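Only this structure's heavy atoms are used, side chains among them; waters, hydrogens and symmetry mates stay out. Below, chain A is the first sequence line, B the second, and so on; all start at residue 1. This one's a predicted model, so the numbers in the text were calculated from it and none came from an experiment.
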Amino acid sequence: MAPRVVVMGLASDFGCQVQMTNIEDDLLDVLGLIDLSYWQLASSGHMPAEYDVAIIEGAVTTTEHVELLKRVRATAGVVMVIGACAVTGGIPAMAGQGDLEERYGCVYGADGAEVACGRVSPAPVKSVIDVDYEVPGCPMDTTEFLRVLSRALQGLANRVPEEPMCAICKTKENICFLDKGEICLGLFTRTGCGARCVTLGRPCTGCRGLAKDANVESAMKILAAKGFDVDEVAERLAVFNTLEEAFCR
Amino acid sequence: MFFRVMESSRLPDLVRGFAQDHEVIGPVAKDDRFVFATIDDPAELRLDYDTTLLPPKKLFFPAEDQLMRFRVADNEVLDDEVFAAPRVLFGVHPCDINALLLMDNIFLKDYVDPYYKARRDATLIVGISCVPSEECFCNAWGTDEAHWGFDIFLTDLGDRYFISVRSVKGAELLDDFVETREITDADTADFQRVTAERKEMFAEDLDTSQLPLLLDAKFDSPVWDALGERCLSCGACSMVCPTCYCFDVRDDLAPDQKTGTRSRLWDSCQFSEFSAVAHGQNFRDSRASRVKYRYYHKQWGYLSKFERVLCVGCGRCARACAANITPREVVSALAKGGFE
Ligand code: SF4
Ligand code: SF4
Ligand code: SF4
Ligand code: SF4
């Protein structure tokens with residue numbers, strides 16, 4: 001029997017679910033292997049009571065999300081998280097730094113805090129439940145999604161690259177942004193996208209999360225010694241990695 | 001080996017001649033750096049290049065190389081043949097020629113690697129003399145000159161090239177495409193002068209006389225810990241190194257899960273995963289142990305098997321390392337017992 005798959009979104013812009021529709025060429029092949037019982041972006045019905053694989057996008061921002069995740073974990077044999085929000089807390093996690101209450105007020109008005117009832121400080125899915133497979137990135141890379149999905153279907157272990165971006169970047173013969181006087185977060189960021197941004201001419205923004213092998217302390221020192229503003233480096237790093245240190249080590 | 005002389009103005013003819021039956025690959029500009037790329041017009045060739053971002057190894061042992069496809073149902077191997085079209089690698093510096101010879105020890109000796117061999121056999125090597133840059137220390141290992149490993153080697157004498165011809169194929173092609181003449185005593189004298197002048201240009205003499213004994217004695221040196229604190233475990237040093245040959249093998253299934261590809265990808269001993277084994281054990285868990293291992297492999301392990309160090313002093317790792325960890329610095333820190 002084909003595995004029953006559900007796809008759901010927590011707090012996010014659904015960009016990674018949209019990425020799934022961008023698989024076009026291979027989507028039919030993939031759909032031939034699974035029983036796609038629910039896809040939040042495309043379904044109008046409800047989530048079924050039983051399923052085998054849960055694919056989750058988005059950060060945890062409410063107690064409702066927390067409860068949902070617990071139910072999902074109890075139901076699904078395999079939990080796969082996709083995209084920066086779900087994997088690292090991503091951009092939503094930035095909101096959790098400082099006074100969350102005040103921020104809700106700013107956005108939703110005087111009684112904003114009540115509107116967003118049951119809010120929790122934005123966090124990655126792994127902070128609530130065990131995660132079996134991860135597809136990081138903002139948005140996630142479709143090729144990597146297919147590769148990870150294939151591993152999940154084959155029952156192979158999750159394989160998260162642990163090393164920083166620079167090695168693959170060198171294999172593309174890019175000229176290092178640091179040599180051009182521009183901040184690049186490749187030193188911190190886990191590899192796996194083929195240094196896509198740098199190869200297309202933009203510095204790495206760190207959307208894939210901290211590399212387990214990254215030497216954050218040394219990288220900061222090195223960037224400072226090269227004359228970069230480390231506060232700016234930290235600020236840029238925070239866009240996708242506010243909570244990463246805590247979960248990485 | 002025999003020698004010929006060619007007027008410098010003839011160089012484009014030589015390149016065009018090679019291009020008739022070969023893909024010609026040579027150094028071209030990429031912003032303010034250089035890369036080896038296919039040459040369509042001899043004018044693109046930048047024989048004045050200092051070094052390339054990646055060494056020629058990428059042409060024989062690509063960073064990502066599909067080795068074969070396979071069918072899942074019956075494990076049948078599909079498409080595992082290597083197609084290597086004839087090509088000329090034009091303008092290789094002595095360090096990189098020597099690096100290929102060190103690679104040959106790995107890929108062509110005990111276990112012949114068919115992928116590497118096919119590409120190596122299909123490629124003629126044209127060497128070019130160079131002017132040492134600040135990062136170069138090939139002189140420390142005696143890899144500043146290439147005595148074999150090329151088909152022809154061009155030494156720039158200003159208005160003409162002094163050509164060392166090493167292979168029959170090189171001699172034939174040279175003869176086919178370009179007018180050369182016998183060398184005279186004046187040519188030889190100029191060749192000697194240019195060679196001697198170049199030797200004087202190296203930034204400093206790195207004292208490698210104590211290796212590998214130095215490494216034996218300094219296994220527990222605090223130098224390694226200091227390097228471990230700095231190292232970013234980024235592996236850039238291995239990627240750009242013309243003599244690093246480690247690789248990982250990865251299988252990927254097609255979206256329909258019916259067929260798959262097996263690929264080989266460059267790897268680095270600086271990644272923690274490199275030394276991870278079953279049960280979550282890792283015998284080189286610390287950065288310090290990994291940096292150390294890089295040097296022990298290059299200046300000790302390989303040396304003990306092949307009587308050469310696994311470094312040609314090209315300086316690419318020194319340029320690529322954001323932490324500025326360089327073989328020069330490491331060897332002298334070990335000798336002095338610490339950093340300056
Ligand atoms: S450009 Fe960025 S990713 Fe590439 S080597 Fe430099 S720091 Fe690393
Ligand atoms: S170790 Fe560094 S200097 Fe030596 S061959 Fe490799 S890249 Fe060149
Ligand atoms: S072990 Fe390290 S230093 Fe040695 S060849 Fe492999 S990557 Fe290079
Ligand atoms: S390039 Fe430098 S920082 Fe990166 S792994 Fe090599 S020695 Fe360490």
K.L.:
Is B/His93 close to B/Tyr49 at the side-chain level, that is, under 4.5 Å between some pair of heavy atoms?
P.N.:
yes

K.L.:
Taking side chain as C-beta onward, heavy atoms only, is A/Gln19 less than 4.5 Å from A/Phe145?
P.N.:
no

K.L.:
When only heavy atoms count and the cut-off is under 4.5 Å, which of residues 193-201 of chain A reach chain B?
P.N.:
none

K.L.:
Relative to chain B, which of A/Ile175, A/Asp25, A/Thr191 shows the most heavy atom pairs under 4.5 Å?
P.N.:
A/Ile175

K.L.:
Non-hydrogen atoms of chain A under 4.5 Å away: do they reach the side chain of B/Ser268, the backbone, both or neither?
P.N.:
neither

K.L.:
Report the residues that fulfil side-chain contact (heavy atoms from CB on, under 4.5 Å) with B/Ser263, sequence neighbours left out, ordered by chain and then residue number.
P.N.:
B/Glu64, B/Thr261, B/Leu265

K.L.:
Any ion pair linking A/Glu244 and A/Arg190 (charged N to carboxylate O, less than 4.0 Å)?
P.N.:
no

K.L.:
Looking at B/Ala322, B/Ala63, B/Gly235, B/Ala236, which one has more heavy-atom pairs under 4.5 Å with chain A than the rest?
P.N.:
B/Ala322

K.L.:
Can you tell whether the side chains of B/Asp252 and B/Arg250 come within less than 4.0 Å, N to carboxylate O?
P.N.:
yes

K.L.:
Do B/Leu102 and B/Tyr302 touch side chain to side chain, with heavy atoms closer than 4.5 Å?
P.N.:
yes

K.L.:
Whether B/Arg46 engages the ring of B/Phe34 as a cation-pi pair (distance to the six-membered ring centre under 6.0 angstrom, angle to the ring normal within 45°) should be assessed.
P.N.:
no

K.L.:
State whether A/Arg147 and A/Asp141 are salt-bridged, where the test is any N-O pair (Lys NZ or Arg NE/NH1/NH2 against Asp/Glu carboxylate O) under 4.0 Å.
P.N.:
no

K.L.:
Using a heavy-atom distance cut-off of less than 4.5 Å, which residues of residues 28-38 of chain A contact chain B?
P.N.:
A/Asp29, A/Val30, A/Leu33

K.L.:
With chain B as the partner, which of A/Arg159, A/Glu217, A/Lys172, A/Lys180 has the greatest number of non-hydrogen pairs under 4.5 Å?
P.N.:
A/Arg159

K.L.:
With sequence neighbours left out, what residues match B/Glu44 under side chain to side chain donor-acceptor pair (under 3.5 Å)?
P.N.:
none

K.L.:
Is it the side chain or the backbone of B/Cys237 that comes within 4.5 Å of chain A heavy atoms, both, or neither?
P.N.:
neither

K.L.:
Does the cation-pi check pass for B/Arg230 over B/Phe339, that is, NZ or CZ under 6.0 Å from the six-membered ring centre and within 45° of its axis?
P.N.:
yes

K.L.:
Does the structure place the NZ or CZ of B/Arg120 under 6.0 Å from the centre of the six-membered ring of B/Phe60, at an angle of no more than 45° from the ring's axis?
P.N.:
yes

K.L.:
For B/Lys58, is it the side chain, the backbone, both, or neither that has a heavy atom closer than 4.5 Å to a heavy atom of chain A?
P.N.:
side chain

K.L.:
Side chain, backbone, both or neither: which part of A/Lys221 has a non-hydrogen atom closer than 4.5 Å to chain B?
P.N.:
neither

K.L.:
Can you establish whether the number of heavy atoms outside B/Asp41 located under 6.0 Å from its atom CG is more than 12?
P.N.:
yes

K.L.:
Determine, for B/Trp266 and A/Lys170, whether the Lys NZ or Arg CZ falls below 6.0 Å from the six-membered ring centre while staying within 45 degrees of the axis.
P.N.:
no

K.L.:
Tell me, out of B/Arg319, B/Arg33, B/Glu273, B/Gln270, who's got the most heavy-atom pairs with chain A below 4.5 Å.
P.N.:
B/Glu273

K.L.:
With a 4.0 Å cut-off, would you call A/Asp132 and A/Arg73 a salt bridge?
P.N.:
yes

K.L.:
Is it the side chain or the backbone of B/Asp248 that comes within 4.5 Å of chain A heavy atoms, both, or neither?
P.N.:
side chain

